[in-house]
Amino acid sequence: MKLIRVALLFLCCYLSFCKRSLTSDTPQEDLIDKKCLTEKYTHLSCNKVFCQPWQKCIDGTCVCKLPYQCPKNGTSVCSTNGRSYPTYCQQKSFECLRPEAKFLNNGKCTPEGQFSVSVNYRNTNSEGIVEVKLVDQDEKMFICKNSWSITQANVACRDLGFQQGAFDAQTNFNLPNHLHINDTECLHVHCRGLETSLAECTFTKRTTGYQGLAGVICYTQSVEDFVRKDNIFQCVNGKRISQEEACDGLNNCGDQSDELCCKECRGNSFLCKSGVCIPKEYKCNGEVDCITGEDEIGCQERRHPELQGFELMPRAAGRLGLQGLETVARGPEPEIEEDTKLLTADMDAERKRIKSLLPKLSCGVTNSEHIRRKRVVGGKAAEAGDFPWQVAIRDGEKINCGGIYIGGCWILTAAHCVRVSKAHRYQIWTAFLDWLKPNSELTVFWVNKVIIHENYNGATYENDIALIEMKKYSNQRECELHHSIPACVPWSPYLFQPNDKCVVSGWGREKDNQKVYSLKWGEVKLIGNCSKFYQDRYYEKKMQCAGTDDGSIDACKGDSGGPLVCMDINNVAYVWGVVSWGENCGKPDFPGVYTKVANYFDWISQHVGRSLISQHNV
Ligand code: ARG
């Protein structure tokens with residue numbers, strides 16, 4: 001009897017084990033953030049990824065820049081419309097506006113210059129071995145299989161007119177009859193994956209033996225039937241891929257939609273804090289790919305990321321002018337020890353170079369080390385220079401609100417702090433610390449204009465955000481704030497996440513309603529799911545909760561309009577929130593509620609001008 005029971009137990013265990021191992025065949029579901037998928041993010045979603053240098057980010061979408069908005073220097077580029085453009089950026093910006101004009105070659109246009117891609121297999125134009133004719137080569141050539149992947153195949157298919165890219169990049173096709181394997185030369189090609197034509201990828205000729213030729217099946221309606229029905233991932237561009245291909249760092253969809261909503265990444269691809277998987281080769285490659293920057297952190301054992309970028313660029317730029325038979329000895333990787341002939345220019349390097357020429361913004365960097373050194377628990381007194389963006393809004397004799405300097409003459413604050421009609425009464429006190437002993441750095445500005453968010457609702461505190469423009473002194477051309485530094489304005493809601501630690505500061509009251517005379521600050525963490533505390537009073541997109549588990553650190557009456565600042569991985573300060581409201585002060589389960597500034601980036605930039613607050617080309 002006992003024995004049978006033991007046996008049964010084993011059987012049960014065995015069965016449940018079996019069941020578990022069966023279901024563990026599909027853990028891919030867990031890697032994907034379902035809620036995020038409903039946002040339909042693609043390579044053009046600048047909340048998730050950086051835009052190309054010939055684009056800018058408006059309302060969360062990368063849109064075309066006008067050619068004149070490109071950096072000026074570079075070498076000329078020829079387009080398929082027969083026109084030469086002064087720079088690659090200008091050609092791409094023109095193409096972005098009129099997609100029929102694609103990249104043809106680096107350098108001036110020539111009368112004979114032509115590029116073509118073709119496939120030949122039976123009588124379709126959508127599958128077969130890939131052949132290309134490069135601009136300054138006379139004959140069509142094949143592409144080597146070992147340089148070929150879904151990344152290049154997607155580009156080739158788009159070039160052939162299949163907007164959804166490739167279905168498969170690994171297929172073996174029979175060699176056309178008149179060819180013999182041994183006398184077949186092939187080209188290597190490298191793409192980043194978002195090129196609009198294969199001509200934009202870099203072609204090299206290497207003296208390696210024959211390894212097979214690249215073939216492709218482009219994604220068409222008829223091919224869709226071959227996609228497994230049970231295990232599909234639906235790309236935003238309509239293409240269906242298998243779920244195992246999502247969150248693997250590779251842009252299988254072609255519009256990157258399979259890599260933008262990930263909780264984890266497959267293989268050894270790299271997970272950005274913003275939930276994006278990038279190829280492992282992008283880690284420490286000298287170019288920031290994660291919007292949060294961590295892919296270029298901790299790279300010292302290679303080279304300093306910034307140096308790396310700049311060192312590579314002149315070399316690449318040198319190569320760019322040379323159309324062809326230049327021999328370039330590449331790095332020490334053993335696989336590429338043989339000589340490599342670059343047949344087309346490296347436009348990816350040129351893209352990086354253009355990126356480095358875009359205007360840079362200076363914000364969020366303090367010269368004060370001490371705020372980072374001190375690990376704090378609550379309401380500590382600030383020292384001079386700790387919060388160079390913090391200002392006080394003085395209304396008559398009182399200071400009821402704080403504000404945040406964001407550059408130029410502009411102060412960000414809460415809508416409930418100010419009235420348009422009272423503008424003449426306000427004073428902005430910058431670089432100010434203590435009521436009782438005013439410091440010498442203190443600079444006072446009068447107010448020119450108050451702009452309250454047009455949808456501010458005083459009953460619900462929705463859109464509790466306002467801008468104050470300070471008055472220039474008549475002898476000055478700009479607002480001169482010698483002891484203030486602007487905080488950066490966040491452009492994406494994915495820059496910081498729940499549990500990130502941030503700092504709130506202000507002259508507001510203590511818990512016991514005691515008056516405060518000097519600037520105080522405290523460390524709080526961002527809180528997700530805040531509806532569980534405030535139910536329908538909390539608006540996820542427009543508000544951000546922050547606090548501590550025991551509630552001991554919080555903003556309070558008088559802190560309103562002041563900053564909740566978060567530091568990114570490079571210690572750059574972003575104004576993530578504006579102190580708005582809260583149930584009492586410092587009570588557990590009633591965290592402070594802040595206006596979520598990232599949601600208002602476009603509103604702010606419309607009023608203060610893009611160039612004042614936009615960095616990374618956003
Ligand atoms: N509305 C308040 C003010 O005018 C700020 C309240 C913030 N409260 C909080 N518990 N975090 O100063």
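Side chains included, hydrogens not; waters and symmetry mates left out as well; all remaining heavy atoms used. Only a predicted model underlies this, so the values are computations on that prediction, with no experimental measurement involved. Note that ligands are numbered from 1 as they come in the structure, with each ligand's atoms numbered from 1 the same way.
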With sequence neighbours left out, the residues meeting side chain to side chain donor-acceptor pair (under 3.5 Å) with Q427 are W429
Any side-chain donor near an acceptor of the partner, T61 and D59, under 3.5 Å: no
Output yes when K380 and E523 qualify as a salt bridge under the 4.0 Å nitrogen-oxygen rule, no when they do not. no
For Y282, does the six-membered ring have the charged nitrogen or CZ of R192 within the cation-pi criterion, i.e. under 6.0 angstrom from the centroid and within 45° of the normal? yes
Counting only N and O atoms by type, is there a donor-acceptor contact under 3.5 Å from the side chain of S605 to the main-chain atoms of G609? no
Between E480 and R477, does any NZ, NE, NH1 or NH2 come within less than 4.0 Å of an OD or OE carboxylate oxygen? no
Which atom pairs, nitrogen or oxygen on both sides, join ligand 1 and the protein at under 3.5 angstrom?
from, atom 1, to, atom 2, distance (Å)
ligand 1, 1 (N), H416, NE2, 3.4
ligand 1, 1 (N), S560, OG, 2.9
ligand 1, 1 (N), S580, O, 3.1
ligand 1, 4 (O), H416, NE2, 3.0
ligand 1, 4 (O), S560, OG, 2.5
ligand 1, 10 (N), D554, OD2, 2.9
ligand 1, 10 (N), A555, O, 3.4
ligand 1, 10 (N), N584, O, 2.8
ligand 1, 11 (N), D554, OD1, 2.9
ligand 1, 11 (N), A555, O, 3.2
ligand 1, 12 (O), G558, N, 2.7
ligand 1, 12 (O), S560, N, 3.2
ligand 1, 12 (O), S560, OG, 2.7

